[in-house]
Every structure is written in structure tokens, then in C-alpha cells.
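The block underneath contains the structure these notes are about, expressed in C-alpha cells.
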Amino acid sequence: MNRSMTNLFTLPKIPPFARENFDASFVQADKVMMVLLLVQWAIATFITSVSFDTYLYGFISGGSITLSALGVYRYYKGTQLMRVVAAIAMMLFSVVYIQQHYGRIEMHFHVFIAMAILSLYKDIVPVVVAAMTTILHHFVFNYLQLYEVSLFDMPVMVFNYGCGIDIVLLHGVFVLVEVIVIAYIIKLQIEYGVELNRSENQILGLNEELSYTSMHDTLTGLPNRQSLRSKLNLILANADRNQKKFAVLFLDLDHFKNVNDTLGHVVGDALLKTVAKKLTSIVRANDVVSRIGGDEFIIILNEVKENTALENVIIKILEAFRKEWIIQGHFLRLSVSIGASVYPDDSKEIDELMKFADIAMYKAKAEGRDQFSFFTGELNRKIHEEVEIANDMFRALEEEEFLLYLQPKIEIATGKIIGAEALIRWNHCTKGLIYPNSFIPIAENNGFILKLGTWILYETARMIRRLERAGYNDIHISCNVSTRQFQNLNMYSDIDTAIREHGINPNLFAIEITESVMMQYLEVTLEVLKKIKNLGVHICMDDFGTGYSSLSYLQKFPIDSLKIDKSFVDDISENGDNEHILINTIIAMGQTLNLHVIAEGVEESYQEEYLKSRGCSYYQGYYFSKPIGEERFFELLARNRS
Ligand code: C2E
Ligand code: CA
Ligand code: CA
């Protein structure tokens, strides 16, 4: 009861998304009020005016009330101002009736109007205003009565305590009107009540859905990262209490991107769903399978007794992936790389356990995918070392610890050095000489490669100037540029200024790019390469044959030379009787497209001979010289030229 009273008297807090509905219902209620006012106007003019001929008074005063209210309605419908005005207008009609000597009817109106306002609007303000109006008018009229003021030349109100049949009949009419109006209001209330209930149910449903989706991955329905975390908290507490171990497996599908790229996202999504089902079916019920993004899953294996048991589960997962998957009519080969960390052996922290499993997964990937790797302290040390290197690189550049080594490029026909590839080295103050493979990937990751790349471009230009000054004005130097540098617009202007500042012949400057450069940001890359080429700079395609470049790419890009990747040269064996189709093809391709072809990684004389016999013009490799410091390169050059 109490609750329904408060419901009656308070305007519910309206949620933003329901606002529109409520506004609509308020406007409709305003409309009902306006109709009521029109009805009252008619009553004041034609009915309550009968006994004392006050029809003109009824018409004018009723009209001014009704028309003012309608004026407000036109501009303010649906607002609280409108509700207040409607309430006052209703109450003012009772004043009119009193003046027309129908005081009894007035009482009906007080009750009826208050009910109408409350139930229509559920807004306490208009009711209070209406009550105030009533009190005020009693006050004023009792006062006016004393002075017998008359309005519109008609007899002023006399309290009519006696009651004739006409009044009784009029009451009847009013009661009828009240019944009809209230019935209509109740009908509206029921409708809106139902509507409100429905909205409330919708909100509840929505809430449920929201809390589900916030904890689950929408695609596979597996727990997501957030819910994994809360589950891990429980599992950890449980393992702690019972002195049990558990394992965190980090899974990443191998080459999933290929599936997405070649077969589309629909197939990719379907595959992920199937993988989710498969994983769930492999592990036990109290283990947790979750998807934490893209093609990454984390599995928590509860209560691991020993590492061999853990290994068995992992092998089972790897095996399950190795079969052929049929997804939407496509036959897919799939594999997965898995990294594992164990609580409490590796760490007692949830975040660390996940991070360690991730690190171990990366090791599995790096070692060729389709395998698993356990987190080890050794791995951790390596990671720490990488972080250290990453932080140390900025200092090293300041303190000039980087230098370029040079590896000669030889013309096979003459044995002459025609140029060199600049290869970076880090002469670390405490660690000694560090090779690029241990810091270039890190520099590419943290963006340092952009700074370092600029330094390399300038240093290459300086090197060419020193060579020119020494009289070698036909030796070109090539430097390696990383894909990351192509994503930055400075590279072109760096090369341009480096060449101009040092006043070198641009034809002696070369850059080596890999096929991956061409695959990314095709249009932009092409643009940049063309501009660089227009400077007169030579462009060499490095590691050729390992990527995906097609003939059409080669034609489209302004390339001057192809470098046959070392892996193909490695295949050339001593008893040089077998043919190496790929090498032959690359050489032939170079000749057709009018490109220089150079082989890298030549370590043996028979490799050089094979290349020579198939028409390859240039090579570099340990067979002639390893990358060497500048001074030694000059010595080598001097000997080679004499
Ligand atoms: P890359 O561009 O393919 O360079 C050739 C690598 O093969 C060099 O290793 C070189 O020393 C090595 N090499 C040359 N001849 C032989 C051979 O006969 N046998 C063997 N086993 N190896 C040979 P390095 O100097 O350690 O460089 C490794 C990679 O690091 C380079 O591969 C290149 O991708 C990157 N790198 C080196 N210097 C730079 C640089 O200045 N900037 C950028 N962005 N990357 C660089
Ligand atoms: Ca290279
Ligand atoms: Ca290479």
C-alpha cells in the first residue's frame, strides 16, 4: 500500500533511453487536459449559466481560461510548465462555477481534478499548485463577497445551500463526465503501466546480457580475459589452500592471418568457433578455456600433478590441431604454438604467469611453430636482456657506439670489388661487438630503428664521401632499410639531404629493401621509392625469393637489382651436377627485366662457379670477405685495384 502510494505521488526516475516514451505520454496527458478544459468551457457557457443567465460570464471567463491554456499547450506541451498551467486552469473553472452559484459542483471538481492531474501526470507539482489555487480563490472570493463585487453586470455569487432538482441533475451529468474521464485515464494508466513493465523487463534482460558479454567473448562464447582473471583468482586461492599446482597455457594459432586474408573473416570466425569447441572438448570440465583476443587462447589446467601429465595434455592439443579441418567447405591445415607456465614454480602472480606463458609461446613460434615450450628462467633472462638492450640503444647512439661494417660485392667475371653492403655493428662499451640480429628486431619493435635508420643513411653518405675523396668514385655502398622506415615520411628527405650535404654522387648510394616492404602500404611505398629513385639512388631487392613478390610487383617497382637469398646459395652443393631451378629462374628473370642479379652468402668456390656458369653477374659472401671495418675495407680495396 505504502509503495503504491509513493508510486502514485512520485514521478519515476526516467532512464534516458525511455525518455522519449515518457515525453510522448505526457503530451498525450496534456491533450486530455485540454479536452477537459474545452468540456468545462461548454459547461460554464451552456449548463451552469442556465439558472441565473450567466452564460456570457461563463463564455468569457471560461474562454479566457481555456484559450490561455491552449496557448501554453501550443508551445509547452509535455513540460512541467504545461502541467502546472493545466492544473491552475482546471481549478479556475471551479471559481467560475461558484460565481455562477454552483458551489457544490466546485467540490466535485476539487476532488476530481486532483485525481485527474495525479493519475495523468504522476507529478506532485501540479497537484500542489492546484491546491494552492483553490485556497487562494476561497480567500479572494470570501473577501470579494464581503464587498459584493459583481462581474460582467451579473449577480455575484450567493452560497446556495438549498438544493433543487436542477442541481441534482447537474450533479448527475458531472458524475457521468467524471466517470468517463477517469475510466479513460485508467485505461491510459494500464497501457503505460504495461509499457513500463515491459521496459523494465527489457532493462533487466539487457543487464543480464551485458554482464554476460562483459565476461564472455561474443564470437565463441568462451570466457574472455576479464573473466579469466577472476577465475584465475579463485583457482589460485584454491591451489594455495590445497598446495596444488596449475598450469597456464598460452595458445596462438599459426598463420591464422592467412586464413582470414585469403578466405575471409566469415571462414576465419567459423574456424575460431570450431577451435573453441575443440579445445573445450579436449580439456577436463574443471579446466578453463578462454579466448583473449584474435587467435589467442589461454587454457588453465587445474591441479597439474607433474610435468609429464602436463606435457601429455599439450601434446594432445597439438595433435588435435594437426588433422585437416573442414570449415564451411574449405579444407584447412592448421597448427598451434603453445607456451606454458606453472604455478607456483614459475611465479605466484597471475599477471606474471600469463606473461611467462606468452613468452614461452613466442619461443615456440620462433622455433618453427606447431610445438610447445615451457617457460624457463633462461627464457626470462633473455627477455630481460632484450629489455636492457632496448633501453641501452639510445645511449649507444649518443656515445657513437654504432658503426658500419662493409662487405665487398664482387663482379664475378673480373673479380673486382664494385661496391659494398653496409652492415651495422654495435661496439658496446662493456659487452663488445653486438650483431644486428640481436638488436635490429628490438629496434624495429620500439621504434628506435627510425633514429638509427637516419644515422645509417647519413653514415652511408659519409662513407661514400671518404671513398670518393680517396679516389674511388665507382664504388657504391648499399645500406639496409627496414620496413618501419617506410612508414615514416622522413626517409626520402633524409636520403636527399645526406646526399646533398656530403656532396656525393647519388649513383653510388644504394638501398636494400625486402619484399615485405613492397607488400605493405603498396601505394605509399611505391610513391616513396619512385622519389628516391629519381634522386639517382640505386634500389636493390634483398633476400629475393623468400617473400611473395610476383613478377607484376617487380615490374611495377623501380628496382635496379635482385639479391638472391643466401638460403638458395646454401643449396648449391659441391658435386655441382644438379640444377637449381629457383636460382636459374631468378637469374633469368633478372636478365629479362634488365636487373642486376647478385648472390649473397657465397662461402665456397663451387657456389661461385655455379653462379658464374648460370649467368649471375655479382656476388658477396665469406668466400671473398666477411663484413669488415672501414680501414680493412680500404686496404682490401687497394689490393683489389692494384
Ligand atoms: P642481410 O641484409 O641479409 O645481410 C646479410 C647478412 O648475411 C649479414 O649479417 C652478413 O654478415 C651475412 N653474410 C654475408 N655473407 C655471408 C656468408 O657468406 N655466410 C654467412 N653465413 N653469412 C653471410 P649481419 O651483418 O649479421 O646482418 C644480419 C641482418 O641484419 C641483415 O641481413 C639485415 O637484415 C640486418 N641489418 C644489418 N645491418 C643493418 C642495417 O644497417 N639496417 C637494417 N635495417 N638492418 C640491418
Ligand atoms: Ca642486405
Ligand atoms: Ca640478405
Side-chain angles (χ1 to χ4, degrees), residues 402 404-409 411 417-424 440 444 449-544 547 549 553-563 590 593-598 600 617-618 620 630 633:
F402 290 106
L404 292 184
Y405 267 36
L406 296 167
Q407 184 176 40
K409 295 181 180 173
E411 186 174 40
I417 298 176
I418 48 109
E421 175 179 7
L423 292 157
I424 195 159
I440 291 285
E444 279 174 341
I449 193 71
L450 296 179
K451 263 187 110 168
L452 189 63
T454 300
W455 179 85
I456 291 167
L457 292 171
Y458 277 90
E459 188 56 28
T460 304
R462 276 193 287 275
M463 186 77 80
I464 294 171
R465 188 175 61 177
R466 289 196 284 272
L467 280 162
E468 282 187 314
R469 289 236 169 118
Y472 300 111
N473 43 25
D474 56 345
I475 299 287
H476 79 265
I477 303 290
S478 63
C479 66
N480 295 283
V481 294
S482 130
T483 317
R484 271 298 284 270
Q485 287 172 265
F486 272 90
Q487 294 159 22
N488 187 295
L489 299 173
N490 293 337
M491 191 172 75
Y492 163 75
S493 57
D494 278 346
I495 295 178
D496 188 25
T497 10
I499 288 173
R500 261 192 276 182
E501 246 175 43
H502 295 97
I504 58 169
N505 174 4
N507 293 324
L508 298 181
F509 198 108
I511 57 169
E512 297 193 6
I513 59 173
T514 55
E515 286 161 292
S516 58
V517 167
M518 299 201 302
M519 308 305 290
Q520 287 177 357
Y521 313 99
L522 246 168
E523 296 307 318
V524 189
T525 306
L526 190 57
E527 196 84 359
V528 176
L529 275 180
K530 278 183 180 158
K531 280 169 78 180
I532 292 173
K533 168 91 179 174
N534 280 341
L535 291 174
V537 170
H538 185 104
I539 296 167
C540 172
M541 176 65 57
D542 203 356
D543 303 341
F544 189 72
S549 37
Y553 273 122
L554 282 184
Q555 277 175 314
K556 203 162 157 191
F557 278 75
I559 291 156
D560 301 286
S561 57
L562 293 181
K563 196 183 262 192
L593 294 175
N594 231 344
L595 304 174
H596 298 285
V597 178
I598 176 164
E600 72 175 349
S617 316
Y618 310 96
Q620 64 184 100
E630 185 181 341
F633 180 69

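Between Val524 and Phe486, every side-chain heavy-atom pair lies at or beyond the 4.5 Å cut-off. Taking the side chain as every heavy atom from C-beta outward, Phe544 and Val597 never approach each other to under 4.5 Å. For the pair His502 and Tyr458, the minimum side-chain heavy-atom distance is below 4.5 Å. Looking only at side-chain heavy atoms (C-beta outward), Leu406 and Ile477 come within less than 4.5 Å of each other. Side chains of Leu526 and Pro558 form a contact here, defined as non-hydrogen atoms less than 4.5 Å apart.
Of the possible polar contacts, none joining the Asn480 side chain to the Glu512 backbone as a donor-acceptor pair under 3.5 Å is found.
Within 6.0 Å of the CD atom in Glu527, the count of heavy atoms belonging to other residues, nucleotides or ligands does not exceed 12. More than 12 heavy atoms of other residues, nucleotides or ligands lie within 6.0 Å of NZ in Lys533, so this atom counts as buried by the packing criterion.
With rounding to the nearest 0.5 angstrom, the CD1 atom of Ile449 is 5.0 Å from the CD atom of Glu444. Here Arg469 contributes atom CZ and Ile504 contributes atom CD1; the two are 11.5 Å apart, rounded to the nearest 0.5 Å. How far CD of Gln485 is from NZ of Lys451: 14.0 Å, rounded to the nearest 0.5 Å. Rounded to the nearest 0.5 angstrom, Ile499 CD1 and Asn507 CG are separated by 9.0 Å. Atom CZ of Phe633 sits about 6.0 Å away from atom CG of Leu467, to the nearest 0.5 Å. Atom CD in Glu468 sits 7.5 Å away from atom CD1 in Ile464 (nearest 0.5 Å).
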Next on the checklist: Between Leu404 and Glu630, is the side-chain contact (heavy atoms from CB on, under 4.5 Å) condition met? List the steps.
Outcome noted: CA-CA 8 Å; Leu404 292 184; Glu630 185 181 341; over 6 Å; no
Next on the checklist: Show, in sequence, the C-alpha distance, side-chain angles and deciding distance for Leu535 and Lys531, and conclude whether the side-chain contact (heavy atoms from CB on, under 4.5 Å) test is met.
Outcome noted: CA-CA 7 Å; Leu535 291 174; Lys531 280 169 78 180; over 6 Å; no
Next on the checklist: As a quick check of understanding, evaluate side-chain contact (heavy atoms from CB on, under 4.5 Å) for Ile511 and Ile495, giving each step before the final call.
Outcome noted: CA-CA 10 Å; Ile511 57 169; Ile495 295 178; 4.2 Å; yes
Checklist entry - Do Lys409 and Ser478 pass the side-chain contact (heavy atoms from CB on, under 4.5 Å) test, and can you show the C-alpha distance, the side-chain angles, and the key distance before you say yes or no? => result CA-CA 10 Å; Lys409 295 181 180 173; Ser478 63; 2.8 Å; yes
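For the pair Ala510 and Val537, the tightest heavy-atom approach, listed with the atom from each and the gap, is CA-CG1, 4.2 Å. Nearest heavy-atom pair, Asn490 versus Ser493, reported as atom, atom and distance to 0.1 Å: O-OG, 3.0 Å. Residues Leu595 and Leu562 come closest through the heavy atom pair CD1-CG, 3.8 Å.
Of the candidates Leu529, Asp543, Thr483, Ile532, Ile513 forms a side-chain contact (heavy atoms from CB on, under 4.5 Å) with just one, namely Leu529.
Aromatic ring orientation, Phe402 versus Trp455: tilted (interplanar angle from 30° to 60°).
Residues Thr454 and Asp494 bring a donor and an acceptor atom of their side chains to less than 3.5 Å of each other. Donor-acceptor pairing under 3.5 Å is recorded for the side chains of Ser561 and His538.
Contact check on Arg462 versus Glu459 returns a salt bridge, with a Lys/Arg side-chain nitrogen under 4.0 Å from an Asp/Glu carboxylate oxygen.
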